[in-house]
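First the structure, in the form of structure tokens, and then the observations on it.
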Amino acid sequence: MTTVFLLAGLSKRMGGNKLLLPYHGRYLFESTLESALTFSDRIIAVLGYEEERMRDALKGYDIEIRVNRDYKQGQKSSTLTGLCGIWDDIAILPGDLPLLRNDDWVEGLRYISLNLPARPTFDGMAGHPVFVPRRLKKGLETSSKPFKVYLEDEGIYQYPASIGCIFDIDTKERYEELLDMDGTINKR
């Protein structure tokens, strides 16, 4: 399975590159990346905003890097950049899910092995990673529908998972909440 790891966003609501915030002595995105490395045969990191800083932060990881020159167009544009040339099953994963757990992957991997799309949920909210079997890749790339709608039309299975599948870090308040959860906020 190939994971399309989305690191291209502008972090507008954060007011700075959220992916490069410190978390447990590393960059925030590294917790999410470590989770993906456990389950993926191949990882394609899609960069855009602050490309050079992100490249530097990714040194030492055995992953493929692609650049979305149209990253200001949003997540769909970056996902399409990552999908190009993939011929196996796919997981789509934003870089700002530091609480993602291994358990959040396992059920999705089971469904993708059955050739079915799947995604984790927490409290009724759809999360990540989104698992897309290779048979749906072409449709995902060519459909005029939003990815979420296309996959819902294809019968995406939603399974219960941890809060980590939805706990993204989009604002300063959310980052403070993350740090407060594990006591890190008092150690800065």
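What you are looking at is a predicted structure, and each value in this text was computed from that prediction instead of being measured.
- Here the shortest heavy-atom pairing between Asp70 and Asn68 reads N-OD1, 2.9 Å.
- Linking Ile, Leu, Val, Met, Phe, Trp and Tyr whenever their side-chain heavy atoms come within less than 4.5 Å leaves Met125 and Leu100 in two separate clusters.
- Applying the side chain to side chain donor-acceptor pair (under 3.5 Å) criterion to Lys145, with sequence neighbours excluded, gives Asp153.
- Of the inter-residue distances, the one linking Phe5 atom CZ with Ile65 atom CD1 reads 11.0 Å to the nearest 0.5 angstrom.
- Ionic pairing of Arg53 and Asp56 is not present here: no N-O contact between side-chain nitrogen and carboxylate oxygen is shorter than 4.0 angstrom.
- At least one side-chain heavy atom of Pro117 sits less than 4.5 Å from a side-chain heavy atom of Arg135.
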Would Arg55 and Val67 count as a side-chain contact (heavy atoms from CB on, under 4.5 Å) if you check the C-alpha gap in whole Å, the side-chain angles of each, and the deciding distance to 0.1 Å? CA-CA 10 Å; Arg55 276 185 191 277; Val67 178; 3.4 Å; yes
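- Cluster annotation: Leu28 is not connected to Tyr61 through the hydrophobic network of ILVMFWY side chains, with a link wherever side-chain heavy atoms come within less than 4.5 Å.
- Between the side chain of Thr32 and the main chain of Leu97, a donor-acceptor pair closer than 3.5 Å is present.
- Here the closest heavy-atom approach between residue Pro120 and residue Pro129 is recorded as CD-O, 2.9 Å.
- Atom CG of residue Leu178 and atom CZ of residue Phe167 lie 5.5 Å apart, to the nearest 0.5 angstrom.
- Distance check: Asn17 CG to Glu50 CD gives 4.5 Å after rounding to the nearest 0.5 Å.
- Ring pair Trp105/Phe39 is parallel by interplanar angle, where below 30° counts as parallel and above 60° as perpendicular.
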Decide side-chain contact (heavy atoms from CB on, under 4.5 Å) for Ile166 and Phe122; before the verdict, give the C-alpha distance in whole Å, the side-chain angles of both, and the deciding distance to 0.1 Å. CA-CA 7 Å; Ile166 64 164; Phe122 181 80; 3.7 Å; yes
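- Checked by atom type and distance alone, the side chain of Asp41 pairs as donor or acceptor with a backbone atom of Met1 at under 3.5 Å.
- Hydrophobic cluster membership differs between Ile112 and Trp87, with clusters built from Ile, Leu, Val, Met, Phe, Trp and Tyr side chains linked at under 4.5 angstrom.
- One finds the CE atom of Met54 at 11.0 Å from the OH atom of Tyr49 (value rounded to the nearest 0.5 Å).
- Residue pairs meeting the side chain to side chain donor-acceptor pair (under 3.5 Å) criterion with at least one partner in residues 88-101, sequence neighbours excluded, are Thr2-Asp88, Lys18-Asp96, Arg101-Asp103.
- At a threshold of 4.5 Å between side-chain heavy atoms, the hydrophobic network of Ile, Leu, Val, Met, Phe, Trp and Tyr places Phe131 and Leu116 in one connected group.
- Taking every heavy atom of both residues into account, Pro22 and Leu179 meet most closely at O-CD2, 4.5 Å.
- Under the rule for a salt bridge (charged side-chain N to carboxylate O under 4.0 Å, His left out), the partners of Glu34 that lie at least two apart in sequence or sit in another chain are Arg26.
- Note on Arg110 versus Glu107: salt bridge recorded, some NZ/NE/NH1/NH2 to OD/OE distance being below 4.0 Å.
- When all heavy atoms of Ser31 and Tyr23 are compared, the pair lying nearest together is OG-CD2, 3.6 Å.
- Considering CG of Leu99 and CD1 of Ile169, their distance stands at 6.5 Å, rounded to 0.5 Å.
- Arg69 and Glu51 are joined by a salt bridge, as a carboxylate oxygen and a charged side-chain nitrogen come within less than 4.0 angstrom of each other.
- Contact between Gln158 and Ala126 at its shortest, heavy atoms only, is OE1-CB, 4.3 Å.
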Pair Thr121-Cys165, side-chain contact (heavy atoms from CB on, under 4.5 Å): steps then yes or no: CA-CA 7 Å; Thr121 63; Cys165 77; 5.6 Å; no
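- By the criterion of side-chain heavy atoms lying less than 4.5 angstrom apart, applied directly or through intervening Ile, Leu, Val, Met, Phe, Trp or Tyr residues, Leu19 is grouped together with Tyr27 in one hydrophobic cluster.
- Under the 4.0 Å criterion applied to side-chain N and carboxylate O atoms, Lys172 and Glu176 are not assigned as salt-bridge partners.
- Applying the side chain to side chain donor-acceptor pair (under 3.5 Å) rule to Arg174 yields no partners; only residues at least two apart in sequence or on another chain are considered.
- When atom types are taken as modelled, the side chain of Tyr159 and the backbone of Asp104 share a donor-acceptor pair closer than 3.5 angstrom.
- Through chains of ILVMFWY side-chain contacts below 4.5 Å, Ile90 is grouped with Val4, Leu6, Ile44, Val46, Leu80, Leu83, Ile86, Ile92, Val130, Val132, Leu136, Leu140, Phe147, Tyr150, Leu151, Ile156.
- Arg42 approaches Gly85 most closely through the heavy-atom pair NH1-O, 3.9 Å.
- The side chain to side chain donor-acceptor pair (under 3.5 Å) search around Ser143 returns none, not counting sequence neighbours.
- One finds the CG atom of Leu47 at 11.5 Å from the CZ atom of Arg66 (value rounded to the nearest 0.5 Å).
- Paired with Ile43 under the rule side chain to side chain contact (heavy atoms under 4.5 Å, CB included), one option of Leu58, Leu37, Leu93 passes, and it is Leu37.
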